[in-house]
Amino acid sequence: MKTQTLGKLGLAALAALAWTALAAAPAGAWLDNPVTPVAHDVRALFFKAVGITAIFFLTAQALLLVAVLRFRSKPGVKPATFHENVRLEVVWTAVPILALAILAGPTFTSLHYMDTVPKSDLNIEIIGHQWFWEYRYPKYNVTFANEPLVIPAGKIVSADVTSIDVVHSWFMPDFGIKLDANPGRVNHTWFQVEKTGSYVGQCAELCGVLHAEMRITVNVVSDEEFKRWIEQKRKGA
Amino acid sequence: MEAGTLGRMDQIPAAAHPGAGAKARTGILKWLLTTDHKLIGVMYLWLAFTFFSIGGVFALFMRAQLAQPGLQILRPDIYNQLMSLHGTFMIFFFTIPVMAGLANYAVPIQVGARDMAFPKVNAVSFWMLVPAGCLMLASLFLQGGSAAAGWTSYPPLADRQYSPGPGVDLWILGLHLAGASSILGAINFIVTIVNLRAPGMSMMKLPMFAWAVLVTQSIIVVATPVLAGALTMALTDRMFGTAFFKPTAGGDPVLWQHLFWFYSHPAVYIMVLPGMGMISQVLPVFASKRLFGYKGMVFATAGIGGVGFLVWGHHMFATGIDERIRVFFSAASMIIAVPTGIKIWSWLATIWGGSIRFRTPMLFGCGFISLFVIGGITGVWLAIVPFDVQVHDTYFVVAHLHYVLFGGSLMSIFAGFYYWFPKISGRMYNEFWGKVHFWLTFVGMNLTFMPMHFAGLYGMPRRIYTYMPKFTIWNEISTVGAAVLGVAMTIFMLNILISLRRGARAPIDPWEHKEFNRTLEWTVTSPPPAENFAEIPVVR
């Protein structure tokens, strides 16, 4: 078997991979189902980054491919001898700097936006345990663990996140939220979910044997339904 | 001007060098008692590839467990142990030592020295690594198993309360030994490269691999003691009741993360810079062209080494550190893409217009460029804090780091290994099986790690022994890819083992270097004689 045959087989296998990947059903997350302003923001930022970096990615891969195909050694063909070009080197230093500067602007704007907790309609506390989540609604004096978090749709919810034992991380892909729950520290985040429904996430920081089972469910309900639910919880407590 | 060519022979006769003409040892003692950089280099390679096999088998077990959701091939605790040791072995007992091994072999010859500056210290460095690896491996068979808190061992999970067995203690001691070994080695390399260069070998004539090793070893000298300090604090927390990282007694687990990543991010460059140096050696030889932009390459290497110290915080964007700190680390992490880009473009300009011979080292060299670009681009994405927060601790990061460390480091290690194999062993490897190894690796690598990007983008966390059913398709493809990689690495091992015995004898220069890209190791026999040079060469 010749090397060229090997190469063709290799490229065919990669094409098969690409096809399988495209055929696979999207799994749903911030990427194709953002449900908070932050998730929308991150998604737009991500596509901007993909667009800007794609130019460099495609240029590099294309140059490599062309070089590999075109400059294979042939009898009688002498290699070029250039090995310096200051102008070229300045260009490939300056252009990426420019591209990164363009990317840095929206990055820092988005960071500030997601990091600044606005005045909220509802404050909750999220506490990580090995291997379940405890939720508290201080205003309503409601505390429970190991069952879905319930929040009203359209309202700004602020969350104080901490842990009782090891480091956990509260990760809700559809909300665009991931925040470490550190024992001894309290972190703050916020979200405003647009659509009612049941959303899933899970702990994202290795927290021991059952880390993989530390799932999160958030039920987003209408405001009226939330009021009914919290009343019931309060009476039950 | 890269890599000065061999000029007239110097007048120092070999016999004038102490130790020359001493009776050569044979058998096992030749290896156990040696201070010869070449034999030590070879032992580094054996040790590193042994741990590569072990770490690789662990990875195959993990991929088997993850082939479908809900499988019970590994118990959750065993999965965490194998996952932790896979990372630890591949980083501390494969990638760093294999680079040290190749550097041990090639650098003294490349700079025109008879040995490392401190040959006995060199032997000590190697022999510290053996018990270090054995300690970690042994911990698997103890009560409670090995360390299971990831290669990052974040407290409080890694503290005694949540990891009561001796696994983490042995992990800490193992890393202490490996770290001390690497600090000693680093001092040795720096002194060798700075002081033992042959007459005429100015710094700007230094082969690119030697430059990369010099920068790498300088990083090790600065960064590794910080890891040693953090490990000691973790150990006293576990053993003597101190509370550096214990929140219940006023300590702070986030402090560990800062100290750990202050070492462990530069460690990425410790693992990838020597590989970039090897690529800079391999491409010109097989493209029959001079390395493009030697000076730019040197500055880019030093730049990566320097800025590499200012980016550790990008591993901590989700820990809740202050926004302004994140802005700084985000900007620094983006900036490091610039010198990395300079290298990529310079390599492309090196092969452009060349006359390329696709021997196995060249295939791995080109594969390196293609895969490393992917890891570099996703690296820029990860510097974007809001995006990083989405995919931090998901399989996207697993994909990114494997494109950098597998697509980058490992591909370059294979390029360098095949390149120097005839020199080291005195035998040629089998070219056909070398190429099969390359293609299976290239395809298997993409099959394994490309789908992980998507799993991560859709929200699959890393370090989990089972997953939600919606991630199944990506994991199935990954597991198939891992099997392909298993076959590829088996072919590699067999090719090398058989070639060691049966390969054709290697001439002084099997690659037919051109005058301008020949480094000193290609002017001596394969393998080189004891003390490398009959007479110290003078470089024009």
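Chain letters run A, B, ... following the sequence lines, proteins first, then strands; residues in each count from 1. What's counted below: heavy atoms across the whole structure, side chains too, no hydrogens, waters or symmetry copies. Quick caveat: nothing in here was measured; it's all calculated off a predicted structure.
For B:V254, the part lying under 4.5 angstrom from a heavy atom of chain A is the side chain only. Contacts of A:I52 with chain B are absent, with no heavy-atom separation under 4.5 Å from either backbone or side chain. Heavy atoms closer than 4.5 Å to chain B are found nowhere in A:V186, neither backbone nor side chain. For a residue to count as touching a neighbouring chain, one of its non-hydrogen atoms must lie under 4.5 Å from one of that chain's; by this rule B:Y467 touches chain A with the backbone only. Heavy atoms closer than 4.5 Å to chain A are found in both the backbone and the side chain of B:V385. For B:W345, the parts lying under 4.5 angstrom from a heavy atom of chain A are both the backbone and the side chain. Only the backbone of B:A287 has a heavy atom closer than 4.5 Å to any heavy atom of chain A. When heavy atoms are compared at a cutoff of 4.5 Å, B:P155 approaches chain A solely by way of its backbone atoms N, CA, C and O. Both the backbone and the side chain of B:S346 come within contact range of chain A, judged by heavy atoms closer than 4.5 Å. Contacts between A:D165 and chain B at a heavy-atom distance below 4.5 Å involve backbone atoms as well as side-chain atoms. For chain B, the nearby part of A:L45 is the side chain; its heavy atoms alone come within less than 4.5 Å.
B:A148 and A:L206 make their closest contact through O-CD2, 3.8 Å (heavy atoms, listed as atom of the first residue, atom of the second, distance). Pairing each heavy atom of A:N182 with each of B:T319, the nearest pair is ND2-O, 3.1 Å. The two residues B:G459 and A:P173 come nearest to each other via the heavy atoms CA-CG, 4.0 Å. Nearest approach of B:T394 to A:F171, heavy atoms of both residues: CG2-CE2, 3.7 Å. A pairwise comparison of heavy atoms in B:L157 and A:G208 identifies CD2-N, 3.6 Å as the closest pair. Taking every heavy atom of both residues into account, A:K74 and B:S355 meet most closely at N-OG, 4.4 Å.
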Worked check of side-chain contact (heavy atoms from CB on, under 4.5 Å) between B:V338 and A:T93: CA-CA 6 Å; B:V338 175; A:T93 309; 3.8 Å; yes
Working for side-chain contact (heavy atoms from CB on, under 4.5 Å), residues A:S110 and B:F387: CA-CA 10 Å; A:S110 286; B:F387 174 73; over 6 Å; no
Criterion side-chain contact (heavy atoms from CB on, under 4.5 Å) on A:D115 and B:R326, from CA distance to verdict: CA-CA 11 Å; A:D115 218 47; B:R326 279 184 279 174; 2.6 Å; yes
Derivation and outcome, side-chain contact (heavy atoms from CB on, under 4.5 Å), residues B:D393 and A:S169: CA-CA 9 Å; B:D393 264 325; A:S169 196; 5.5 Å; no
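A cation-pi arrangement is absent between A:K178 and B:F317 under the rule of less than 6.0 angstrom and at most 45 degrees off the ring axis.
When side chains are defined from C-beta on, B:P386 does not count as touching A:Y113, because their heavy atoms never get closer than 4.5 Å. In this structure, B:Q390 and A:F46 have side chains that are not in contact, with every pair of non-hydrogen atoms separated by 4.5 Å or more.
In this structure, CG on B:N517 lies 12.0 Å from NE2 on A:H83, to the nearest 0.5 angstrom. Here the CG-OH distance, from A:L210 to B:Y465, works out to 5.0 Å after rounding to the nearest 0.5 Å. Atom-to-atom distance recorded for A:F108:CZ and B:E323:CD is 10.0 Å, nearest 0.5 angstrom. Distance CD1/B:I321 to CG/A:N187: 10.0 Å, rounded to 0.5 Å.
For residues 180-189 of chain A, the set of pairs meeting the salt bridge (charged side-chain N to carboxylate O under 4.0 Å, His left out) definition, not counting sequence neighbours, comprises A:R185-B:D252.
Residue with the most contacts toward chain A among B:R463, B:H392, B:M468: B:M468 (heavy-atom pairs, distance under 4.5 Å). In terms of heavy-atom pairs under 4.5 Å with chain B, the best-connected choice from A:H112, A:H188, A:E89 is A:H112.
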Run the side-chain donor-acceptor check on residues 56-70 of chain A: report pairs under 3.5 Å with partners two or more places apart or on a different chain.
| from | atom 1 | to | atom 2 | distance (Å) |
| --- | --- | --- | --- | --- |
| A:T59 | OG1 | A:I55 | O | 2.4 |
| A:Q61 | OE1 | B:S370 | OG | 3.0 |
| A:Q61 | NE2 | B:S370 | O | 2.9 |

